[in-house]
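First the structure, in the form of C-alpha cells, and then the observations on it.
Count residues from 1 along the sequence.
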Amino acid sequence: MNQENRMKRLSDIPYSVLDLSPIIEGGSPADSLRNTLDLARHVEKWGYNRYWLAEHHNMPGIASSATSLVIGHVAAGTTSIRVGSGGIMLPNHSPLIIAEQFGTLESLFPGRIDLGLGRAPGTDQLTAHALRRDRRSDGHDFPEQLGELRAYFNPSGKNYVKAIPGEGLDVPIWLLGSSGFSAQLAGQLGLPFSFASHFSPEYTKPALALYRSNFKPSGVLKRPYAMVGVNVIAADSDEEANWLSTSMQQQFLALIRNNPGKLQPPVENIDSLCSDYEKSLLAGRLSTSIVGSPKTVKEKLQAFLDETQADEMIINSQIFDHQARLRSYEILSEIVK
C-alpha cells in the first residue's frame, strides 16, 4: 500500500446511516418505524450526514417496503440530516411515479432529499412479478429507465408528460450496486456511486476501480464520489459487540437458507446454529463487517478506509436491542471525530 493510500483519516470523510428498519422477533412494523425515527433523530444530533432507507418486499424482517413514505416520515421528524433511498429499485416502478414522489419529497423538504437507485428487484422473483406490470423486465433496461427518470427533472426537456412536482427540482441521483454494472454506468454518467459492501464484500474493490476508471466529469460531479456501505456493530467491549453481532449473523444465515425472517435476539454460540459450510459462507458475506470495542472498530474502520479510499461511508447496524443500536452509532460518531 503506498503512502498516499494512508493519508485519508477517519475524520476526513462523512458518515451516514443505512436503516433497514428491522422488525425484531416479538416486535411489529409499527415498533420498527418508531425506532427508525428515533434513530434518525439521534444520529442527526451526533453529526451523521444522511439517513437512507431501502426498498425490500416480502421480507418479514424489514419494515421499509413503502420507502418513499418512510423517507417522508423521517424527514418530517428531523430538521437537517439528508434523507433518501438506499435505494429505490427502479425496475419495480414507473420512472414518472418516482419522479413525482421524490419531486414531492424535495418540495416538502428542500435541499434534504437523496434518490439512490438500484436495478435489482429487492425481493424474490415471484414477488417481483407481483410488483411489476411488465413481467418480462429483468433490469436490462435500467439505463433507459434512468434516462427517462432524469429527463422528468430536467426543466429544458421536451417531455409531453411532465412530473409535477419534480420538473426543475435538483434531487441528487445516486446509483447503487453490488457488482460492476451500476459502477460502470455511474462512472460513465458522472454520478455518485454507492457500493453495497455490507452484503457483497468480495466485489468492493473491483467495483470501485471500475467506477473510478470509467468516470467522466459531468454537470453533477467533476471527480468520482464513492460511498461504501459497511456493517458496523460497536459496543463498550469486544465481547459485547461480538455477542450483539450474532443477530446479524443469524439474519445472513436465514438468507443463505432462503428463509428470511425477523431479526433474532443474540445467542451465546452462533457456531451451534450452522454447519461448517454455512460458517464459511457467513465468513465470506461478513468479511468486511466491523465488530468490536471502540479501539477495535477504529482500527478496522481505518484499515477499510485505507483499502477503499471511500469518500463517504454509510453504516448499517443490525442490532436486536434498540438501545444497543443507538449506542453503537454513538460510539462510531465519537470514533470518527
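- Ile233 is not connected to Val230 by any chain of hydrophobic side-chain contacts under 4.5 Å among Ile, Leu, Val, Met, Phe, Trp and Tyr, and they are in different clusters.
- Distance check, rounded to the nearest 0.5 Å: NE2 of His73 to OG1 of Thr36 gives 7.5 Å.
- Minimum interatomic distance between Leu90 and Pro95 (heavy atoms only, all atoms of both residues): CD1-CA, 4.4 Å.
- Distance alone, capped at 3.5 Å, places no donor-acceptor pair between the Ser65 side chain and the His57 backbone.
- With hydrogens and angles disregarded, no donor-acceptor distance shorter than 3.5 Å links the side chain of Ser317 to the backbone of Ile319.
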Item to complete: Test Tyr225 against Glu312 for side chain to side chain donor-acceptor pair (under 3.5 Å), laying out the working first.
Response: CA-CA 8 Å; Tyr225 192 92; Glu312 186 169 345; 2.7 Å; yes

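- With respect to Asp276 and Lys279, a salt bridge is recorded, a charged nitrogen being found less than 4.0 Å from a carboxylate O.
- When only modelled atom types and interatomic distance are considered, Asn154 and Glu167 share no side-chain donor-acceptor pair under 3.5 Å.
- Using modelled atom types, one side-chain atom of Tyr329 and one backbone atom of Ile315 make a donor-acceptor pair closer than 3.5 Å.
- The aromatic rings of Phe215 and Tyr211 lie perpendicular to each other, with more than 60° between the two planes, well past the 30° mark.
- Closest non-hydrogen pair, Tyr51 versus Ile81, comes out as CB-CD1, 4.0 Å.
- Asp306 has no carboxylate O lying under 4.0 Å from a charged side-chain N of Lys8, or vice versa, which leaves the two without a salt bridge.
- Listed here is the closest heavy atom pair of Phe153 and Leu115: CE1-CD2, 4.3 Å.
- Scored by the salt bridge (Lys or Arg N to Asp or Glu O under 4.0 Å) test, Arg212 finds no partners at all (sequence neighbours excluded).
- Listed for the Thr308 side chain is a donor-acceptor partner under 3.5 Å among the backbone atoms of Phe304.
- A donor atom on one side chain and an acceptor atom on the other are not found under 3.5 Å apart for Glu44 and Tyr48.
- Proximity of His322 to Leu326: side-chain heavy atoms (C-beta onward) are separated by under 4.5 Å at one or more points.
- Summarising the geometry, atom CD belonging to Glu278 is positioned 11.5 Å from atom CG belonging to Asp271; distances are rounded to the nearest 0.5 Å.
- If you check the side chains of Asp19 and Trp52, you find no donor sitting under 3.5 Å from an acceptor.
- Of the inter-residue distances, the one linking Ile98 atom CD1 with Gln101 atom CD reads 4.5 Å to the nearest 0.5 angstrom.
- Neither Val232 nor Leu286 shares a network with the other; the hydrophobic side chains, linked directly or stepwise wherever heavy atoms of I, L, V, M, F, W or Y lie under 4.5 Å apart, form separate groups for each.
- Remark: Glu202 does not engage Arg285 in a salt bridge, criterion side-chain N to carboxylate O under 4.0 Å.
- Other residues, nucleotides and ligands contribute more than 12 heavy atoms inside 6.0 Å of the NZ atom of Lys262.
- A donor-acceptor contact closer than 3.5 angstrom is absent between the side chains of Ser21 and Ser32.
- With a 4.5 Å cut-off on side-chain heavy atoms, Ile331 and Val297 do not count as touching.
- Using a 3.5 Å distance cut-off with no hydrogens or angles, the side chains of Ser85 and Glu55 do not pair a donor with an acceptor.
- Atoms CG and CD, from Asn242 and Glu268 in turn, are 11.5 Å apart once rounded to the nearest 0.5 Å.
- Within the 4.5 Å cutoff, side-chain heavy atoms of Leu305 are placed close to those of Met313.
- Looking at Leu282 and Tyr277, their side chains never come closer than 4.5 Å, going by heavy atoms from C-beta outward.
- Residues Leu263 and Ser247 come closest through the heavy atom pair CD1-O, 3.6 Å.
- No hydrogens or angles considered: a donor-acceptor pair under 3.5 Å links the side chains of Ser197 and Thr204.
- With a 4.5 Å cut-off on side-chain heavy atoms, Leu117 and Trp174 do not count as touching.
- Criterion: ILVMFWY side-chain heavy atoms under 4.5 Å apart, direct or through other members. Under it, Val291 and Trp243 are part of a common hydrophobic cluster.
- With no hydrogens or angles considered, a side-chain donor-acceptor pair links Arg112 and Thr78 at under 3.5 Å.
- At least one donor-acceptor pair closer than 3.5 Å links the side chain of Gln250 to the backbone N or O of Pro265.
- Nearest heavy-atom pair across Leu244 and Pro266 is CA-CG, 4.3 Å.
- Under a 3.5 Å cut-off, the side chain of Ser237 and the backbone N or O of Glu240 do form a donor-acceptor pair.
- Of the charged side-chain nitrogens involved, at least one lies within less than 4.0 Å of a carboxylate oxygen, so that Arg327 and Asp236 count as a salt-bridged pair.
- For the atom pair Ile24 CD1 and Asn35 CG, the distance stands at 7.5 Å (nearest 0.5 Å).
- Remark: side-chain polar atoms of Thr104 are paired, donor with acceptor, to backbone N or O of Glu100 under 3.5 angstrom.
- To the nearest 0.5 Å, atom CG of residue Asp38 and atom CG of residue Leu33 are 12.5 Å apart.
- Closest heavy-atom contact between Gly27 and Asp31: CA-OD2, 3.6 Å.
- Annotation: side chain of Tyr203 is not in contact with side chain of Ser178 (no heavy-atom distance under 4.5 Å).
- Judged by distance alone, the side chain of Arg50 and the main-chain N or O of Ser16 form no donor-acceptor pair under 3.5 Å.
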Practice prompt. Just do the side-chain contact (heavy atoms from CB on, under 4.5 Å) check on Met248 and Asn231 with the steps written out, would you?
Written response: CA-CA 9 Å; Met248 175 179 68; Asn231 298 310; 3.8 Å; yes

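- Geometrically, Arg119 engages Phe181 in a cation-pi contact defined by less than 6.0 Å to the ring centre and at most 45° from the axis.
- At a cut-off of 3.5 Å, with distance as the only test, a side-chain donor of Glu25 or Gln264 sits close to an acceptor on the other residue.
- Side-chain contact annotation: Thr67 with Ser64, donor-acceptor N/O pair under 3.5 Å absent.
- Between Ser28 and Ile23 there is no side-chain heavy-atom pair separated by less than 4.5 Å.
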Discussion item. Could you walk me through whether Val228 and Ile314 satisfy the side-chain contact (heavy atoms from CB on, under 4.5 Å) test, starting with their C-alpha distance in whole Å, then the side-chain angles of each, then the deciding distance to 0.1 Å, before giving a yes or no?
Written reply: CA-CA 6 Å; Val228 180; Ile314 187 163; over 6 Å; no

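- Note: the hydrophobic cluster containing Ile270 does not contain Ile290 (ILVMFWY, side chain heavy atoms under 4.5 Å, direct or indirect links).
- Leu18 and Leu301 fall within a single hydrophobic cluster, where Ile, Leu, Val, Met, Phe, Trp and Tyr are joined by side-chain heavy atoms under 4.5 Å apart, directly or via other members.
- Checking side-chain atoms of Tyr15 against main-chain N and O of Leu10 turns up a donor-acceptor pair under 3.5 Å.
- Taking a 6.0 Å sphere around CG of Asp12, one finds it holds more than 12 heavy atoms contributed by other residues, nucleotides or ligands.
- The main-chain N or O of Ala324 is found under 3.5 Å from a side-chain atom of Asp321 such that the two form a donor-acceptor pair.
- Using a 4.5 Å cut-off on side-chain heavy atoms (C-beta onward), Phe193 and Asp311 make no contact.
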Item to complete: Test side-chain contact (heavy atoms from CB on, under 4.5 Å) on Leu146 and Leu185 and set out the steps.
Response: CA-CA 10 Å; Leu146 175 62; Leu185 182 61; 4.1 Å; yes

Discussion item. Walk me through whether Ile113 and Leu169 qualify under side-chain contact (heavy atoms from CB on, under 4.5 Å).
Written reply: CA-CA 11 Å; Ile113 300 300; Leu169 296 180; over 6 Å; no

